Amino acid sequence: VLAADGMGDANGHLVTLSDATRSALDAVLPANWSHANPVDIIGDAPPDRFAATLDILLADRDTQAVLVMNCPTALASSTAVAERVIEVVKTHRALSARSVPVLTNWLGEGAAEEGRRLFAANAIPSFETPASAVRGFMQLVAYNRAQEELMRTPPAMPAGITYDAEPVRAIVAKALAEGREMLGEVESKRMLAAYAIPVVETVVVRDDEEVEREAARLIAAHGSVALKILSEDISHKSDVGGVRLNLATSREALAVAREMRERVGRLLPGAHIEGFTLSPMIVRRNAHELILGMTVDATFGPMLMFGAGGTAADVMHDIALALLPLDMKLAADLVAETRIARLLRGYRDRPPADLEAIAAALVGLSAMVVAHPEIRELDINPLLADDKGVIALDARVRIADETKSPRVALAIRPYPVEWERKLHHDTLGSLVVRPIRPEDERLYETFARHLKPDDIRLRFFAPKASLSHRFVARLTQIDYAREIAFVAIAPNGELLGVSRFAADPDFETAEYAVLVRSDLKGKGLGGLLMHQLLDYAKANGLKRIVGSVLAENTTMLAMCRQLGFSISADPEDLTVR
């Protein structure tokens, strides 16, 4: 009961016994056994009853792990029970292709000591209490879940969305040339829009005539407007009465602008007021106010923030942080770390917010920060989110001159987009040669169909290669630091060949590999991919590239000679270095 309660507290799940398993247990257990999971084999159980029960449970295909518990009694030796459990585990390890973890909990001190020693000697984990046994099992669950998460291949960005870096470069360059660090609201929103983050239309008005004219235009189209003070010296406009909402006429907007200029000038006499911004009033009854942000940590470099936004953001302090770069899965995980995530899923009459749109905004923000190292701080507050999508109402960006004050490097190396090349091949025509991406996993199935068994053997030194998800994920999900891979992609999107290297921790020496479709051998594609690999190695300061090639692989050896590799054979081995 304690173990089952512990599983419930840890969000673990007890398997439901199948009819076949219950029938098998009926044959070996007393009539008053629990007939359910946990399987109570009754306190007078001798060693053979433990063994028979464990044997049946391990044979059940639904069993993912078994915890065997023993409380010392005068009716059976805890050590004898341990010996029989060990025998069953050894038999299943030897005969079964499926590995089922078996954990044990031998209660007591003196009576359990010898059993625990035997379990340790036979690589079977043993715990002193049911609670610690459950924690041990949940560590396995968490590890397995983490491995599965790491092997997932989420899209880097939502389908159909593209980013445009040029407007951002122009805005940043202009501001730096003018000696400005803080970007205006309009500039900040243009940057967001370039990275597919929806923003509300915003216009700058400098004088009374512009306020009245633009307010009339926006009110005619949208019904009402929001007016904000425009000043680089004011970070939180609402603190000084610098924000007014729901202005329904142009005359009201003009009156508010005059009153706002006077009040802000009185409260902050040193602030330079450039004018105002006018935006359509966005009214979304069920929308949540969110905050997205970015800052630079002295150790980890750029970090993204997500949380509950609005004027109470600093008080609520419901935020989560993530390292860049983000993909759609990592963005969704970041959202899930906050308390407001539960509200975003919908409740009562409030429909769920568009979580994919929120994740897409985070991915766009991540891409912008990675692509433009001049960005040092960024706030989007609020970002309205509801079932119709997201829209940024206000934004603030601070920049710095990267040539004079370089930003702390990203903790995780991003995809090296600068190494994408469009090339022309005399036989194959136009090709794209670029670093591999996680989503390239889907290309390997077609690629493998064009590989002859002998070419697989020459590449992998084995008669065949498993193209399981786990195996291909290891090939496509790389760190772009110690490991790099380049793929050649045809105009129809098919994978034609791959070159890669994995470097030592000191980044002095790397081992390379190259594989080209069997029907394209001898056309120079392997050499093209190797040239790209060598150029990358030189640019990143690698000293040496080595490879092991089967002596019979004359095609690869000929290419190595053409590329200037030195070749040495091992008379006692079938490979050439």
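Because the structure is predicted, anything quoted here is derived from the model rather than measured.
Judged by distance alone, the side chain of Thr446 and the main-chain N or O of Leu443 form no donor-acceptor pair under 3.5 Å. Between the side chain of Arg434 and the backbone N or O of Ile489 there is no donor-acceptor pair closer than 3.5 Å. For Asp504 (side chain) and Asp506 (main-chain N/O), no donor-acceptor pair under 3.5 Å exists by modelled atom type. The backbone N or O of Arg49 lies less than 3.5 Å from a partner atom in the side chain of Thr53, making a donor-acceptor pair. When atom types are taken as modelled, the side chain of Thr63 and the backbone of Ala65 share no donor-acceptor pair closer than 3.5 angstrom. Remark: side-chain polar atoms of Tyr415 are paired, donor with acceptor, to backbone N or O of Pro435 under 3.5 angstrom. Judged by distance alone, with hydrogens and angles left aside, the side-chain atoms of Arg93 form no donor-acceptor pair with the main-chain N or O of Ser99 at under 3.5 Å. Looking only at distances, a side-chain donor or acceptor of Arg482 sits under 3.5 Å from a matching main-chain atom of Ala503. Although no hydrogens or angles enter the test, the distance criterion places no donor-acceptor pair under 3.5 Å between the side chain of Asp55 and the main chain of Ala59. A distance-only check finds no donor-acceptor pair linking the side chain of Glu441 to the backbone of Leu475 [under 3.5 Å].
Nearest heavy-atom pair, Pro438 versus Gln477, reported as atom, atom and distance to 0.1 Å: CB-CG, 3.9 Å. For the pair Ala133 and Asn105, the tightest heavy-atom approach, listed with the atom from each and the gap, is CB-CB, 4.4 Å. Among all heavy-atom pairs drawn from Ile484 and Tyr480, the shortest one is CD1-CD2, 3.8 Å. Closest of all the heavy-atom pairs between Arg116 and Gly108 is NH2-O, 2.9 Å. The heavy-atom pair separating Asn286 from Arg350 by the smallest distance is O-NE, 3.1 Å. Nearest heavy-atom pair, Leu304 versus Ser366, reported as atom, atom and distance to 0.1 Å: CD1-CB, 3.8 Å.
Note on ring orientation: taking the six-membered ring where Trp is involved, the planes of Phe486 and Tyr536 are perpendicular (angle over 60°, cut-offs 30° and 60°). Between Trp33 and His35, the two ring planes are tilted [angle within 30° to 60°].
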Stepwise side chain to side chain donor-acceptor pair (under 3.5 Å) test for Thr104 and Ser126 = CA-CA 5 Å; Thr104 62; Ser126 184; 3.3 Å; yes
From CA spacing to verdict: side-chain contact (heavy atoms from CB on, under 4.5 Å), Ile86, Glu83 = CA-CA 5 Å; Ile86 291 168; Glu83 290 170 343; 5.6 Å; no
Check the pair Ile56 / Val28 against side-chain contact (heavy atoms from CB on, under 4.5 Å), numbers first and verdict last.
-> CA-CA 10 Å; Ile56 292 168; Val28 299; 3.8 Å; yes
Take Leu330 and Leu323 through the side-chain contact (heavy atoms from CB on, under 4.5 Å) test and state the conclusion after the steps.
-> CA-CA 9 Å; Leu330 293 172; Leu323 296 172; over 6 Å; no
Show your reasoning for whether side-chain contact (heavy atoms from CB on, under 4.5 Å) applies to Leu17 and Leu25.
-> CA-CA 10 Å; Leu17 300 179; Leu25 291 172; 4.1 Å; yes
List the steps, then state whether side chain to side chain donor-acceptor pair (under 3.5 Å) holds for Asp318 with Thr338.
-> CA-CA 6 Å; Asp318 176 23; Thr338 59; 4.7 Å; no
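Between Phe127 and Trp106, the gap from one ring centroid to the other reaches at least 6.0 Å.
Annotation: side chain of Phe306 is not in contact with side chain of Ile319 (no heavy-atom distance under 4.5 Å). Considering only heavy atoms from C-beta on, Glu289 comes within 4.5 Å of Leu384 through its side chain. Arg342 is not listed as a side-chain neighbour of Tyr347, based on a closest heavy-atom distance of 4.5 Å or more. Within the 4.5 Å cutoff, the side chain of Leu542 has heavy atoms near those of the Phe501 side chain. Side-chain atoms of Val370 and Pro302, non-hydrogen and from C-beta on, never get closer than 4.5 Å to each other. Side-chain contact between Met530 and Cys560 is absent, with no heavy atoms from C-beta onward closer than 4.5 Å. Looking at Met7 and Leu67, their side chains never come closer than 4.5 Å, going by heavy atoms from C-beta outward. With a 4.5 Å cut-off on side-chain heavy atoms, Val81 and Val68 do not count as touching.
With a 6.0 Å radius and a threshold of 12 heavy atoms from other residues, nucleotides or ligands, Tyr143 has its OH atom at or below the threshold. No more than 12 heavy atoms of other residues, nucleotides or ligands lie within 6.0 Å of CZ in Phe300, so this atom counts as exposed by the packing criterion. When the shell of 6.0 Å around CD of Glu494 is examined, it contains more than 12 heavy atoms from other residues, nucleotides or ligands. Annotation: Arg442, atom CZ; neighbour count of heavy atoms from other residues, nucleotides and ligands within 6.0 Å does not exceed 12. Around CD of Glu420, the count of heavy atoms belonging to other residues, nucleotides or ligands within 6.0 Å exceeds 12. More than 12 non-hydrogen atoms from other residues, nucleotides or ligands lie less than 6.0 angstrom from CD of Glu114.
Rounding to the nearest 0.5 Å gives a distance of 13.0 Å between CZ of Arg437 and CG of Asp327. In this structure, Trp419 CH2 and Asn540 CG are separated by 7.0 Å, a value rounded to the nearest 0.5 Å. One distance of note links CD of Glu128 with CG of Leu107; it measures 9.5 Å at 0.5 Å rounding. For the atom pair Leu75 CG and Asp44 CG, the distance stands at 6.5 Å (nearest 0.5 Å). In this structure, CD1 in Ile124 is found 10.0 Å from CG in Leu103, a value given to the nearest 0.5 Å. Atom CD1 of Ile197 sits about 5.5 Å away from atom CE of Met368, to the nearest 0.5 Å.
A salt bridge links Asp48 and Arg84; the closest N-O separation between the charged side-chain nitrogens and carboxylate oxygens is under 4.0 Å. A salt bridge does not link Glu87 to Lys90: none of the charged nitrogens lies less than 4.0 Å from a carboxylate oxygen. Using a 4.0 Å cut-off between charged nitrogen and carboxylate oxygen, Glu508 and Arg544 do not count as a salt-bridge pair. Taking the charged nitrogens against the carboxylate oxygens, Lys452 and Asp519 have no contact shorter than 4.0 Å, which rules out a salt bridge. Taking 4.0 Å as the cut-off between side-chain N and carboxylate O, Asp26 and Arg22 do not count as a salt-bridged pair.
Checked by atom type, the side-chain pair Thr21/Asp60 shows a donor-acceptor distance below 3.5 Å. For the residue pair Arg577/Ser568, the side-chain donor-acceptor check at 3.5 Å is not satisfied. In summary, the side chains of Asp440 and Thr476 do not present any donor paired with an acceptor at a separation below 3.5 Å, with no hydrogens or angles considered.
Between Leu290 and the choices Val390, Ile380, Leu344, the side-chain contact (heavy atoms from CB on, under 4.5 Å) rule is met once, by Leu344.
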